[in-house]
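In what follows, a single structure is set out as structure tokens and then discussed.
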Amino acid sequence: MMHKSSQKVSMSFFGPLYRNINKGYNLVFFIIGVSLGIAAVLCLKLSFSLQAFLYPVITPITTILPPPLSSSRLLSVTEQPPSTELKTSLMHSMTDQELFLKASSMVSGTQDFTQQAVPKVAFMFLARGPLPLAPLWEKFFKDHDGFYSIYLHQHPCYSETMPEDSVFYGRNIPSELVVWGAPSLMDAGKRLLANALMDLSNQRFVLLSESCIPLFGFRTIYDYLMNSSTSFSDSFDDPGYDARGRYCPKMRPIIDITDWRKGSQWFEVHRELAIHIVSDTKYYPIVQHYCTSPCFAEEHYIPTFVHMMYPQLSSNSSITWVDWSRRGPHPRTFGSNDITEAFLNHMRFGSTCVYEGNITNMCFLFARKFHPSALKPLLLLLSPLMLGADT
């Protein structure tokens, strides 16, 4: 009896206390839940704000798109010209010196090029091995046979071949080993240029890497290049360590430090300037011999040569977008998580430049560097943008 009585007293005494503690726990859990909800909303807003800050909505300035070329120079894409070069091997046994000499003699092709022939753009790919973004380029080139040529410089030991139905099939040129930071990188670019000059119908020449992508459809890029009176190769004077700091006094008197220039190795040139570059035997050996690591010849040779000899032939600008905001020897590489429509439009229309005397925000036609993981979102988001630009 005493046990039951004391249990009742105990329950009657502690019961309200238990209920109060229960209510306290409920209140704590409620406050935590509300706090988490507010934090989630703030994080979401911050994420959108950051995206808007990095890639704001672009209000286009009057974008000057190049007018279509006259029918005498450009056939309709539905009237494809006969194309045989896609099945013709580009392999040969010439040395670089023999190749450069033969390509230099193709200068007569500029005068002999007839109005009936279709001018083509030569797309020159400098790759270490595989082409992970090839499916995107296949879409880009589709239905435009006869308006382009492809040249591929890969590691000489790379043996894998593209499928026979690929636009890259059989487009390899005789290559040599390329070492990053060595003059061999400059040599490879010139080798590609010389091989492309062998086709008289090639009138514009673009140097690309396996990590490059097109930002617009083929027709838009083709018209932009064919309607330009100048080449696109940037060149600037920088007194810092990474530019003038790489100059070797032994280059004097042929190249003075006041003429030493730096620029992107990813150039676009018309046929006249391409022939001048391949024909050069005065400045090229000097840079080749004296510009060695930590001097990068591919960043200095063409910018310096064009600045000294043919500044009137270049717009002094690059049409390949790249992000150097992170200091280092390499630009930023973009992966699958970076690919958004806002980011793509930032590259396509986020700059201002002058094209043929008109202000435009269509300044870049290509972009780099993109990781293989970016292929899927690029196919999903960029393909419709490329097709839309061509309509």
Side-chain angles (χ1 to χ4, degrees), residues 40 43-58 123-142 150 152-155 158 160 162-163 166-168 178-181 185 206-218 220-221 264-268 296 298-299 318-351 361-389:
C43 285
L44 191 60
K45 285 185 177 179
L46 181 61
S47 174
F48 281 118
S49 299
L50 183 60
Q51 182 79 353
F53 173 74
L54 291 175
Y55 311 117
V57 175
I58 298 164
F123 292 85
M124 308 177 300
F125 289 86
L126 177 54
R128 286 165 292 187
L131 302 173
L133 302 178
L136 182 66
W137 285 103
E138 298 276 1
K139 281 182 171 288
F140 172 78
F141 289 119
K142 187 179 179 182
I150 293 175
L152 186 56
H153 188 296
Q154 291 173 300
H155 193 288
Y158 184 75
E160 289 187 31
M162 301 295 286
S166 169
V167 295
F168 294 99
V178 173
V179 178
W180 181 83
L185 198 54
V206 188
L207 183 63
L208 303 158
S209 76
E210 72 270 36
S211 66
C212 287
I213 64 169
L215 293 176
F216 295 90
F218 181 89
T220 300
I221 289 178
S264 171
Q265 76 172 102
W266 310 104
F267 59 80
E268 190 285 333
F296 303 113
E298 73 280 2
E299 294 181 355
S318 173
I319 52 172
T320 300
W321 186 94
V322 65
D323 182 358
W324 282 103
S325 61
R326 297 179 179 180
R327 184 163 178 80
H330 301 286
R332 181 178 176 183
T333 298
F334 297 94
S336 59
N337 294 334
D338 298 305
I339 311 303
T340 64
E341 189 170 340
F343 174 54
L344 293 174
N345 280 325
H346 170 72
M347 293 185 290
R348 284 154 51 91
F349 300 115
S351 305
N361 54 7
M362 183 178 167
C363 304
F364 297 103
L365 306 183
F366 309 97
R368 64 185 307 269
K369 299 171 61 175
F370 289 86
H371 189 270
S373 65
L375 176 62
K376 188 174 180 179
L378 283 171
L379 287 171
L380 181 66
L381 293 174
L382 187 57
S383 294
L385 294 177
M386 290 194 303
L387 292 174

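- The line from CG of L133 to SG of C212 is 9.0 Å long, rounded to the nearest 0.5 Å.
- Note: F140 and F123 have perpendicular aromatic rings, judged against thresholds of 30 and 60 degrees for the angle between ring planes.
- Side chains of L136 and M386 form a contact here, defined as non-hydrogen atoms less than 4.5 Å apart.
- The closest side-chain heavy-atom distance from M362 to T220 is below 4.5 Å.
- Between W180 and H330 there is a side-chain heavy-atom pair separated by less than 4.5 Å.
- Atom NZ of K139 has 12 or fewer heavy atoms from other residues, nucleotides or ligands within 6.0 Å.
- Taking the six-membered ring for Trp and thresholds of 30 and 60 degrees, F125 and F168 have ring planes more than 60 degrees apart, a perpendicular arrangement.
- Atom CD of E299 and atom CD of Q265 lie 7.0 Å apart (nearest 0.5 Å).
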Would you sort out whether I150 and F141 count as a side chain to side chain contact (heavy atoms under 4.5 Å, CB included), showing the intermediate values?
CA-CA 10 Å; I150 293 175; F141 289 119; 3.7 Å; yes
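- In this structure, L215 and I221 have side chains that are not in contact, with every pair of non-hydrogen atoms separated by 4.5 Å or more.
- Taking all atoms of both residues into account, the shortest heavy-atom contact from G335 to H371 is CA-CB, 4.1 Å.
- Counting heavy atoms from C-beta outward, L208 and F366 have side chains that approach closer than 4.5 Å.
- Across every non-hydrogen atom of E210 and P130, the tightest pair is CB-O, 3.9 Å.
- Using a 4.5 Å heavy-atom cutoff, the side chains of V322 and S264 are not in contact.
- Contact of the S209 side chain with the W266 side chain is registered, since non-hydrogen atoms from C-beta on lie closer than 4.5 Å.
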Applying side chain to side chain contact (heavy atoms under 4.5 Å, CB included), run through V206 and T320 and close with a yes or a no.
CA-CA 10 Å; V206 188; T320 300; 5.6 Å; no
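- Here the closest non-hydrogen pair linking Y158 and Q154 is CE2-NE2, 3.5 Å.
- Of the candidates L378, L375, L382, I339 forms a side chain to side chain contact (heavy atoms under 4.5 Å, CB included) with just one, namely L378.
- Within the 4.5 Å cutoff, the side chain of F267 has heavy atoms near those of the M124 side chain.
- Going from atom CG of L207 over to atom CD of E268 covers 10.5 Å, rounded to the nearest 0.5 Å.
- With F349 as reference, F216 is the one residue of W321, F364, F343, F216 to meet the ring pair (Phe, Tyr, Trp, His ring centres under 6.0 Å) rule.
- Between the CZ atom in R332 and the OG atom in S325 there is a gap of 6.5 Å [rounded to 0.5 Å].
- Atom CG of L365 sits about 10.5 Å away from atom CZ of R348, to the nearest 0.5 Å.
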